[in-house]
Structures are given as structure tokens and as C-alpha cells.
Amino acid sequence: MANPLDDLLVGLSVLREQVRQSVGGEVDWLERLDPRRQPSDSRSLGDLRAELDSLVGLESVKEQVRALVAFLQVQGRRLEHGLPEVATSQHLVFVGNPGTGKTTIARLLAHMYRSMGLLRRGHLVEVDRAGLVGEYVGMTAIKTERAIRKALDGVLFIDEAYALARPGQRGVDFGQEAIETLLKRMEDHRHRLVVIVAGYPHLMNEFLDSNPGLRSRFARELTFPDYSTEELVAITELFASQNEYRVTGPGAEELRRTFARAERGEGFGNARYARTIFEQALNAQALRLAGVTETVLGHLEVDELTSLNEADFAAAARTLGESSGAPLPRRRLWWRAS
């Protein structure tokens with residue numbers, strides 16, 4: 001049976017494109033009719049600062065975010081007193097390995113810009129190369145423009161942005177077309193759009209050097225360090241708490257041993273790896289508890305149902321291919337950022 005909402009969404013999409021083509025410009029009032037449009041965040045700057053402070057680790061990043069926010073606040077006050085504003089780009093570069101909190105900080109910054117009145121909505125639109133680059137001539141400009149329109153009055157977050165520039169690429173590659181379109185729209189919509197590009201450190205340097213006007217568009221670069229063993233334990237315990245589980249003392253010690261053996265580098269997932277360990281520990285706990293008789297299972301207390309112990313985390317590490325005492329294999333683990 002057809003879903004009436006799907007038909008409505010298709011109709012609105014067609015109508016938006018037809019009106020855009022007719023008037024040759026933006027049609028914000030039609031965008032606001034989209035039922036999928038998420039309401040803007042209404043939290044105060046103080047609430048957002050508190051959330052920033054509550055994040056595990058990232059002390060150097062937090063300090064840079066505080067400095068950026070303070071600078072923007074001072075510039076705002078200068079304008080109120082008729083003083084000249086220091087012209088500076090709000091576009092940012094995030095460099096770091098996977099799972100180091102880049103998307104989380106980008107989303108918080110978007111909300112902070114909204115709370116300070118710099119962006120009307122303060123939403124985050126996350127894309128990668130596939131969301132910007134087309135397979136055929138003429139498609140890249142359309143896809144890039146579409147992503148930019150969705151991000152207007154908010155932040156466009158481009159993950160693994162270095163994939164847009166491929167030095168030595170053979171054959172036709174439309175990544176440069178996407179970059180050129182971005183550069184133009186970053187200037188055209190400089191009061192309505194903030195662009196954040198993210199990726200591995202050395203690859204991001206190559207990306208910024210791939211176009212003469214690219215590096216100058218980004219005012220600041222934030223470096224996201226890998227999490228320490230203790231920070232990864234704290235992150236795992238946070239995942240557990242959010243889902244009404246508890247890591248036992250021996251369980252935390254097993255976590256420390258697992259994270260301490262992990263081989264760090266570009267292939268290490270950081271918080272993504274901690275998330276995967278937690279999820280695998282849930283499976284191990286379920287198997288452990290299901291191994292008791294039905295009579296005992298029916299009388300398990302809340303503490304037993306919510307506790308994750310050393311056996312659960314040891315089993316989780318084995319499931320991920322870790323042999324006792326050996327470094328973890330370098331791999332990229334899938335995990336959807338919160």
C-alpha cells in the first residue's frame with residue numbers, strides 16, 4: 001500500500017525544483033514546508049558550553065572552541081558600539097583520526113553559532129565525497145548545490161574532504177568541480193553558511209593545497225588527538241550509563257588492558273572502537289546470562305541484568321580478533337556518530 005506521506009514528499013520536492021527553475025533563486029518558504037525538516041536547537045549558549053565541558057577528553061579542542069566563541073562574542077559587542085569588525089572566515093578545518101569527536105564538535109559549534117545569532121537555524125548537514133560528486137558531466141554541480149542549499153543558515157560538514165582532491169588521478173574526476181563550486185558558494189553565502197572540512201592530518205594538508213584559493217578560505221584548524229586509555233574507558237562507561245548498564249571494577253580493568261594493547265594510528269577507531277567493544281560486551285553478557293537455567297534466569301536481579309564484567313569485555317575483544325597480549329589489528333570500524 002502506498003504511503004500518503006511519501007507521495008507528499010515527492011510532490012513537494014518536484015514543486016521546489018520547478019519553482020527554483022522558474023524564479024532562478026532560493027525558495028526558502030518551500031523548504032520550510034518539508035515535513036522532514038528538523039526543528040532548530042533552542043538551547044542557550046550556557047547550556048551548549050556545559051555540554052562541551054562534559055565531553056570526555058578533547059581538552060585542547062575545547063580550549064580552541066572557547067577561544068573562537070569568545071572572539072565572536074567580542075566582535076559582536078564591537079559592532080553594537082559602532083566599532084569595526086575584524087573580518088575573519090568562520091570556515092574551519094578539523095584534522096584527526098576516526099572517532100575523535102569531530103562530528104560532535106561540529107554539531108555543537110553549529111548550535112553555538114545559532115545561539116549567538118550568527119546562523120539562523122544552526123543545523124548540521126553532513127556529507128562526504130559521494131554526497132557532492134556526480135558520476136557524469138553536469139551532475140557534480142547539481143549535487144554540490146543541493147547539499148549547500150540544505151546547509152544554508154547552518155553548517156556543512158564535509159567528512160573525509162581530502163577525497164575531493166585526488167592527486168595523480170587518471171581519467172575524469174569531478175572532485176575539483178565540487179571544490180570550485182564550494183569556493184564560490186562559500187563567498188556568495190558567507191553570512192548564511194559555515195563549512196567545516198575534516199579528515200586525516202596529512203591528507204587534509206594535501207587537500208588544502210589542491211586549489212590556490214582553498215586554504216585561505218579557512219581561518220582556523222583544530223587538531224583532534226587520539227583518546228588515551230583512561231579516556232576510552234570513561235567513554236565506554238558513558239555508553240553503558242546511557243543505556244542503563246554498569247561496568248564493574250574488574251570489567252574496567254579488562255577494558256584498560258584491551259585499550260592499552262590497541263595499536264594506535266589512522267586505522268584505530270577511538271570512540272568508535274569503544275562503542276564496538278561495548279556492543280560486543282552486551283552480546284557476551286546476554287550469552288552468559290542465557291546459559292543459566294530458565295528457573296535461575298527468571299529470578300535474576302536488576303544488578304545482574306545491568307552489570308558488564310571482565311568476562312564480557314574479554315569475550316568482546318576476542319570477537320573483534322584480539323589475541324591475548326597482542327596488538328589489535330588496524331582496521332576501520334563502522335559506527336554512526338551521535
Side-chain angles (χ1 to χ4, degrees), residues 26 61 88-107 109-110 113 119 123-224 265-267 269-270 272 332-337:
E26 299 296 334
V61 174
T88 181
S89 169
Q90 304 308 320
H91 309 301
L92 302 168
V93 179
F94 286 1
V95 295
N97 291 328
T100 48
K102 296 186 292 294
T103 306
T104 299
I105 293 296
R107 185 173 291 111
L109 270 174
Y113 285 162
L119 294 172
H123 62 299
L124 183 79
V125 174
E126 183 177 357
V127 295
D128 54 14
R129 177 186 167 88
L132 299 175
V133 178
E135 298 179 5
Y136 308 104
V137 174
M139 291 300 299
T140 294
I142 294 174
K143 293 183 73 171
T144 304
E145 292 279 7
R146 184 182 297 133
I148 291 170
R149 282 200 304 270
K150 287 177 62 178
L152 282 179
D153 300 313
V155 171
L156 179 64
F157 180 76
I158 307 175
D159 196 17
E160 298 182 344
Y162 51 81
L164 295 175
R166 294 178 171 177
Q169 172 75 15
R170 292 184 178 180
V172 179
D173 182 76
F174 301 113
Q176 282 297 329
E177 183 182 355
I179 293 173
E180 291 166 7
T181 303
L182 277 169
L183 286 173
K184 186 176 187 307
R185 294 298 178 238
M186 286 163 69
E187 180 61 25
D188 293 345
H189 302 301
R190 59 184 177 277
H191 299 302
R192 297 187 61 192
L193 177 70
V194 172
V195 176
I196 299 177
V197 293
Y200 297 114
H202 71 281
L203 291 176
M204 287 305 294
N205 282 326
E206 294 178 1
F207 165 71
L208 293 173
D209 291 334
S210 67
N211 186 292
L214 194 53
R215 189 179 290 275
S216 62
R217 290 294 196 281
F218 295 92
R220 296 171 185 249
E221 180 178 301
L222 275 66
T223 301
F224 289 70
E266 290 185 354
N270 284 284
R272 299 181 186 182
R332 294 194 64 184
L333 297 168
W334 178 90
W335 178 68
R336 183 177 298 276

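In this text the structure is predicted, and so the values were computed from the model without any measurement. For the single chain, residues carry numbers from 1 onward in sequence order. We use all heavy atoms of the structure for the numbers below, so side chains are in, but hydrogens, waters and symmetry mates are not.
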For [X], give me all partners under side-chain hydrogen bond (donor to acceptor under 3.5 Å, both in side chains), at least two apart in sequence or on another chain.
X: Gln176; result: none
X: Asn211; result: none
X: Thr144; result: none

Nearest 0.5 Å please: distance from the [atom1] atom of [X] over to the [atom2] atom of [Y].
X: Leu109; Y: Thr104; atom1: CG; atom2: OG1; result: 11.5 Å
X: Leu203; Y: Leu208; atom1: CG; atom2: CG; result: 11.0 Å
X: Ile148; Y: Leu132; atom1: CD1; atom2: CG; result: 7.5 Å
X: Met139; Y: Glu177; atom1: CE; atom2: CD; result: 10.5 Å
X: Glu206; Y: Met204; atom1: CD; atom2: CE; result: 11.0 Å
X: Leu214; Y: Leu182; atom1: CG; atom2: CG; result: 8.5 Å

Note to self: Ala151: which residues meet the side chain to side chain contact (heavy atoms under 4.5 Å, CB included) condition with it, sequence neighbours left out?
What the structure shows: Val125, Leu156, Leu193
Item checked: Phe207: ring-ring contact (aromatic ring centres under 6.0 Å, His included) partners, not counting sequence neighbours -> none
Next item on the list: Just jot down the ring-ring contact (aromatic ring centres under 6.0 Å, His included) partners of Phe218, sequence neighbours excluded, or say none.
Entry: none
Checklist line | Pairs touching residues 129-143 that satisfy side chain to side chain donor-acceptor pair (under 3.5 Å), sequence neighbours left out | finding: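 Passing the test, one end in residues 129-143: Arg129-Asp173.
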Between [X] and [Y], which heavy-atom pair has the shortest distance, and what is it?
X: Phe174; Y: Gly134; answer: CD1-O, 3.3 Å
X: Asp159; Y: Arg272; answer: OD2-NH2, 4.5 Å
X: Ile179; Y: Ser210; answer: CD1-OG, 4.0 Å
X: Ala147; Y: Val127; answer: CB-CG1, 4.2 Å
X: Gly175; Y: Val133; answer: CA-CG2, 4.0 Å
X: Ala161; Y: Val197; answer: CB-CB, 3.7 Å

Check: Going by the salt bridge (charged side-chain N to carboxylate O under 4.0 Å, His left out) test, which pairs reach into residues 213-222, not counting sequence neighbours?
Finding: Asp209-Arg215
Item checked: Criterion side-chain contact (heavy atoms from CB on, under 4.5 Å) on Ile105 and Phe224, from CA distance to verdict -> CA-CA 10 Å; Ile105 293 296; Phe224 289 70; 3.6 Å; yes
Next item on the list: Could you tell me which residues satisfy salt bridge (charged side-chain N to carboxylate O under 4.0 Å, His left out) with Glu180, sequence neighbours excluded, listed by chain and number?
Entry: none
Margin query: Whether the side chain of Lys102 engages the backbone of Asn97 through a donor-acceptor N/O pair (distance < 3.5 Å, no angle test) should be reported.
Written below: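 It does hold such a pair.
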Notebook entry, point to check: Is there a donor-acceptor contact under 3.5 Å from the side chain of His189 to the main chain of Arg149?
Noted result: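 No.
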